[in-house]
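Reckoned from all heavy atoms, side chains included, excluding hydrogens, waters and symmetry mates. Quick note: residue numbers are just sequence positions, from 1.
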Amino acid sequence: MLGPAAVACLCLVVVVARVLGIACYPIYDDAFITYRYSQNLADGLGMVYNPGAAWEPVLGTTTPAYAGLLGGLVALGLPVRGASLGLNFLFDAISAGCLAALFSRRAVPTCVTLTLFACLPWMARISIGGMESPLFLCLCLLAALAAERGHLVSAGLTSALAVWARPEAVLLVMLLFVLSVRSLRQAIRFLVPMTAVAALGLWILIRVYDSPIPQSVRAKAPSPALGSRLARAQELLEQAWYPGRWTALFLPIVLWGLWRMLRGPGPEPFNTRELDSSHRPGLGLRCLALFGLSMLAAYLASGAKTWGWYFYIPLAVWICAFGLGAETLAKRSSVLASSKASTWAVGSACIALIAATALARAVPDRITSSVYQGMQAFT
């Protein structure tokens with residue numbers, strides 16, 4: 001088992017790897033939509049895109065929680081892009097700590113998962129892209145960890161906050177309720193704070209924007225131009241389960257690890273038995289796996305257009321499943337099984353930093369200098 005210091009060092013490695021990746025990945029163009037909402041909010045013009053326009057206010061961002069949090073930091077004098085990246089790296093560090101806790105700090109799955117979290121190109125690209133995905137993942141992991149440890153009030157609060165980071169978190173709320181609640185008292189402890197946060201957010205959005213549904217969600221509604229559902233299924237699976245062709249080689253390990261995640265403890269019959277303070281190992285990972293799968297099913301069923309940053313949760317499921325699959329392989333190897341936890345931690349940190357450095361040098365960001373800076377100079 002890894003000690004707290006080793007876990008903290010691995011979380012720091014995740015942040016360092018993200019900083020190194022800034023030289024490799026540009027900001028997503030969609031991030032500037034939320035940036036503009038945040039900047040206008042910080043300037044006292046309201047969380048709108050076009051201050052003073054006759055049609056405003058219109059909710060054009062799918063992440064009011066992230067826009068509001070970012071606006072608060074910009075109001076303190078921080079640049080919007082720097083504040084966004086700082087928040088994302090902080091959230092990723094917290095997420096890394098949550099992942100270690102969900103693995104009970106077992107050396108092999110924790111080290112393998114956090115190494116991939118730090119240097120897997122598709123995850124790094126999303127985090128450095130300036131979108132709300134790191135906040136979303138962080139809140140979801142905190143909710144799953146709280147549920148696993150029987151802290152249902154915290155689980156209800158954080159899962160409700162996750163809804164205002166991305167609307168897909170509604171699926172997480174339902175999963176947490178089904179998997180965690182086993183008595184009337186537990187239902188109250190989960191539902192009361194969750195409902196309070198959800199109702200407050202609804203009241204604010206309806207009062208300001210007349211609707212809690214972002215205009216961008218309506219704009220991304222199903223379109224015949226997206227092709228058949230079968231073609232969409234292939235696209236979704238590629239982005240979630242083998243984002244690069246070489247990753248398909250590891251699918252057997254990932255699928256075995258996914259099976260281990262799904263075998264976690266299930267809900268007991270609804271009764272008066274109280275286990276709020278009990279720790280149910282495996283519940284958080286099972287909830288995370290089911291949430292990632294339900295997101296893919298929802299995207300497929302809705303037929304809506306998806307973008308790369310939508311897959312931060314499914315990719316998190318992928319790296320966790322890989323970590324558990326690697327643990328099974330390590331147990332079959334006498335050399336790996338006998339390795340000390342400190343050896344795993346040091347090796348993981350070195351691999352992550354070397355990979356992040358090599359990637360930053362091999363694939364430099366040309367969009368920021370060639371496109372974004374040129375556009376700023378033009379305007």
Side-chain angles (χ1 to χ4, degrees), residues 25 28 30 62 95 99 102 109 112-113 115-129 131-134 136-137 140-141 144 162 165-172 174-175 179 216-217 220-264 284-329 359:
Y25 305 106
Y28 284 112
D30 277 44
T62 54
S95 293
L99 290 171
L102 289 174
V112 171
T113 298
T115 299
L116 291 172
F117 188 43
C119 63
L120 196 69
W122 302 276
M123 298 207 76
R125 197 276 172 271
I126 294 171
S127 177
I128 298 167
M131 301 298 290
E132 70 279 356
S133 302
F136 184 44
L137 174 62
C140 292
L141 289 175
R166 282 207 65 85
E168 293 94 328
V170 171
L171 298 170
L172 177 67
M174 294 188 290
L175 283 170
L179 296 177
S216 51
V217 170
K220 296 172 185 176
S223 171
L226 295 179
S228 68
R229 295 295 173 90
L230 182 60
R232 294 283 292 141
Q234 180 181 350
E235 177 187 341
L236 294 176
L237 290 174
E238 285 179 354
Q239 294 188 77
W241 292 104
Y242 44 99
R245 291 185 178 180
W246 60 270
T247 61
L249 298 174
F250 299 103
L251 272 180
I253 300 175
V254 172
L255 292 176
W256 172 249
L258 180 64
W259 170 246
R260 291 188 61 190
M261 293 177 73
L262 293 173
R263 282 192 313 174
L285 287 174
R286 185 186 190 199
C287 183
L288 178 63
L290 290 172
F291 181 41
L293 293 174
S294 65
M295 285 180 62
L296 294 179
Y299 293 153
L300 179 61
S302 66
K305 176 62 178 175
T306 56
W307 307 92
W309 59 87
Y310 285 30
F311 294 90
Y312 211 50
I313 296 288
L315 287 172
V317 175
W318 193 96
I319 62 173
C320 288
F322 191 96
L324 287 175
E327 184 181 41
T328 300
L329 294 178
L359 189 63

Using distance alone, with no hydrogens and no angle criterion, decide if E168 and Y310 have a side-chain donor and acceptor under 3.5 Å apart. no
Results of ring-ring contact (aromatic ring centres under 6.0 Å, His included) for Y312 - residues two or more places apart only: none
Start with the C-alpha distance between F322 and V112, add both sets of side-chain angles, then the distance that settles side-chain contact (heavy atoms from CB on, under 4.5 Å), and finish with yes or no. CA-CA 8 Å; F322 191 96; V112 171; 3.5 Å; yes
Mind listing the closest non-hydrogen atom pair of F136 and A169 along with its distance? CE1-CB, 3.6 Å
Determine whether T247 and W241 satisfy the following criterion, side-chain contact (heavy atoms from CB on, under 4.5 Å), listing intermediate values before the conclusion. CA-CA 8 Å; T247 61; W241 292 104; over 6 Å; no
Picking from I126, L99, I313, what satisfies side-chain contact (heavy atoms from CB on, under 4.5 Å) with L137? I313
Would you name the heavy atoms of C320 and L288 that are closest together and state the gap between them? SG-CD2, 4.0 Å
Should L249 and Y242 count as side-chain neighbours, where that means a heavy-atom distance under 4.5 Å? no
Close side-chain approach of L172 to C287, heavy-atom, < 4.5 Å: yes
Please say whether the positively charged group of R125, taken as NZ for Lys or CZ for Arg, lies over the ring of Y28, i.e. under 6.0 angstrom from the six-membered ring centre and within 45 degrees of the axis. yes
Could you walk me through whether F311 and V317 satisfy the side-chain contact (heavy atoms from CB on, under 4.5 Å) test, starting with their C-alpha distance in whole Å, then the side-chain angles of each, then the deciding distance to 0.1 Å, before giving a yes or no? CA-CA 10 Å; F311 294 90; V317 175; over 6 Å; no
Look only at the side chain of S127 and the backbone of M123, and say whether a donor-acceptor pair between them is shorter than 3.5 Å. no
Gap between atom CG of L236 and atom CG of L296 - 0.5 Å precision: 6.5 Å
With a 4.5 Å cut-off on side-chain heavy atoms, are P121 and Y25 touching? yes
Do you know the tightest heavy-atom contact between Q239 and T306? NE2-OG1, 4.0 Å
Closest approach of A240 to L315 (non-hydrogen atoms, all atoms of both residues): O-CD2, 3.9 Å
Do the ring planes of W122 and W246 sit parallel (below 30°), tilted (30 to 60°) or perpendicular (above 60°)? tilted
On a heavy-atom basis, which atom in I253 and which in A326 lie closest, and how many Å separate them? CG2-N, 3.8 Å
I'd like to know whether L171 forms a side-chain contact (heavy atoms from CB on, under 4.5 Å) with L290, so could you lay out the CA-CA distance, the side-chain angles of the two residues, the decisive distance to 0.1 Å, and finally the verdict. CA-CA 9 Å; L171 298 170; L290 290 172; over 6 Å; no
When every non-hydrogen atom of L175 is compared with those of S294, the smallest separation belongs to CD1-OG, 4.1 Å
With sequence neighbours left out, what residues match A321 under side-chain contact (heavy atoms from CB on, under 4.5 Å)? V254, L258, M261
So, do T62 and E132 sit near enough that their side-chain heavy atoms are less than 4.5 Å apart? yes
SG on C140 to CZ on R166, rounded to 0.5 Å: 10.5 Å
What distance do E235 atom CD and Y299 atom OH have between them, rounded to the nearest 0.5 Å? 12.0 Å
I need the I319 CD1 to L324 CG distance, nearest 0.5 Å. 11.0 Å
Could I get the full list of side-chain hydrogen bond (donor to acceptor under 3.5 Å, both in side chains) partners for T328, not counting sequence neighbours? W256, R260
